[in-house]
Amino acid sequence: MLTALDREFYARDTIIVAKELLGKLIVREINNGLICAKIVETEAYIGDHDPASHSFGRITERNKIMYGPAGYAYVYFIYGNYYCFNAVTGNECEGNAVLIRAAEIIEGKELALGHRKLTSGSHEIANGPAKLCIALQIDKKFNGHNLTNEGELFVAAGEETKKSDIISTKRIGISKGTDLPYRFIVKGNPFVTKHRHNNFVSNSKNK
DNA sequence: TTGGTGATGTTT
DNA sequence: AACATCACCAAA
């Protein structure tokens, strides 16, 4: 039985949490089925001074979850069609979160393929934040969901990702805050979002 | 294999 | 009016 990560894991520096989420397992229980996915790509959104963050500016109906305690899901609707899944991190009232951008399906691949309306494939099931939400059936009903209980949706420890295997790049799909290297991927992993930034390799100089 | 574009509706 | 995206199609 998999155990959910506790709130202390999330209630730390957002950059550290974003890196350490690589390799962790998203566990999604749907009726009788189970999907388990290894996180391979994340992005950090840092409080109300990060111009790309939804928490930039003041507290609104949409972003208020980000200002709550760490360890809860922040799920938002985007581009009229899609959802994106974040974990709230850091200290309460700061407005930090980590966007989960891509994952490798470890278990329940057939189920995930069905959700994505695909008949085959593996790399492209969840190599993007909205694709991941479709594959795992995460929608706005999970906004504010507690990720530290073993329920329908939680995150559990997986394999450790070696610090030397973590690469940081610029974030994708935003027009502000593009200079910040707050996107983290597992080096050489084929399940990450297809993007030119994958080539601008810079080591993330971990302590 | 790459790049450009339209669909879609919530939020500000 | 902008938007933390994706699927599709055309060109090469």
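Chain A is the first sequence line, chain B the second, and so forth, proteins listed ahead of strands; every chain is numbered from 1.
A ring-ring contact (aromatic ring centres under 6.0 Å, His included) check over residues 155-177 of chain A, counting only residues at least two apart or in different chains, returns nothing.
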For residues 84-96 of chain A, which side-chain donor-acceptor pairs fall under 3.5 Å, sequence neighbours excluded?
from, atom 1, to, atom 2, distance (Å)
A/Asn86, ND2, A/Tyr74, O, 3.1
A/Thr89, OG1, A/Thr14, OG1, 2.8
A/Asn91, ND2, A/Glu94, OE2, 3.2
A/Glu94, OE1, A/Asn96, ND2, 3.0
A/Asn96, OD1, A/Gly47, N, 2.9

For a quick test of your reading: what N or O donor-acceptor pairs under 3.5 Å do the side chains of residues 105-117 of chain A make, sequence neighbours left out?
from, atom 1, to, atom 2, distance (Å)
A/His115, ND1, A/Ala135, O, 2.8
A/Arg116, NE, A/Ile125, O, 2.8
A/Arg116, NH2, A/Glu124, O, 2.9

Kindly list each side-chain donor-acceptor pair under 3.5 angstrom involving residues 139-148 of chain A, sequence neighbours excluded, with atom names and distances?
from, atom 1, to, atom 2, distance (Å)
A/Asp139, OD1, A/Lys141, N, 3.0
A/Asn143, OD1, A/Val75, N, 3.0
A/His145, NE2, A/Leu153, O, 2.9
A/Asn146, OD1, A/Arg7, NH2, 3.3
A/Asn146, OD1, A/Thr148, N, 2.9
A/Asn146, OD1, A/Thr148, OG1, 2.7
A/Thr148, OG1, A/Arg7, NH2, 3.1

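Remark: A/Lys19 does not engage A/Asp13 in a salt bridge, criterion side-chain N to carboxylate O under 4.0 Å. Under the 4.0 Å criterion applied to side-chain N and carboxylate O atoms, A/Arg101 and A/Glu43 are assigned as salt-bridge partners. A salt bridge links A/Glu20 with A/Arg12; the closest basic N to acidic carboxylate O contact falls under 4.0 Å.
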Where do N or O atoms of nucleotides 10-12 of chain B meet protein N or O atoms at under 3.5 Å, pair by pair?
from, atom 1, to, atom 2, distance (Å)
B/dT12, OP1, A/Thr60, OG1, 2.6

At a cut-off of 3.5 Å, list every protein nitrogen or oxygen paired with a nitrogen or oxygen from nucleotides 2-5 of chain B, distance to 0.1 Å.
none

Tabulated below should be each protein N or O lying under 3.5 Å from an N or O of nucleotides 10-12 of chain C; please produce it.
none

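Not a single salt bridge (Lys or Arg N to Asp or Glu O under 4.0 Å) links A/Asp48 to another residue, sequence neighbours left out. Taking the salt bridge (Lys or Arg N to Asp or Glu O under 4.0 Å) definition, one finds that A/Glu61 meets it with A/Lys64, sequence neighbours left out.
Residue contacts for A/Ala130: at a heavy-atom cut-off of 4.0 Å it reaches the sugar-phosphate backbone alone, with no base atom in range.
The base of C/dA4 sits within donor-acceptor range of the side chain of A/Tyr76, with an N or O pair under 3.5 Å.
OP1 or OP2 of C/dA4 has not a single side-chain nitrogen or oxygen of A/Arg183 nearer than 4.0 Å.
A/Leu21 contributes atom CG, which lies 5.0 Å from atom CD1 of A/Ile39 (distance to the nearest 0.5 angstrom).
Test A/Thr169, A/Thr42, A/Ile167, A/Thr161 against A/Phe184 for side-chain contact (heavy atoms from CB on, under 4.5 Å) and you get one pass: A/Thr42.
Closest to the side chain of A/Ser175, from the set C/dA4, C/dA7, C/dC3, is C/dC3.
In this structure, A/Tyr82 places its OH atom 15 Å from P of C/dA4, rounding to the nearest Å. Atom CZ of A/Arg116 and atom P of C/dC6 are 8 Å apart (whole Å). Atom pair A/Tyr45:OH and C/dC3:P shows a separation of 12 Å (rounding to whole Å applied). Here the C1' atom of nucleotide B/dG9 and the CD1 atom of A/Ile78 are 10 Å apart, to the nearest Å.
For the segment residues 133-148 of chain A, the set of residues with a heavy atom within less than 4.0 Å of an atom of DNA chain C is empty. Within a heavy-atom distance below 4.0 Å of DNA chain C, the residues of residues 118-129 of chain A found are A/Gly128, A/Pro129.
With pairs defined as Watson-Crick or G-U wobble and both atom distances under 3.5 Å, the stems of at least three pairs that touch DNA chain C come out as B:1-7 with C:5-11, B:9-11 with C:1-3.
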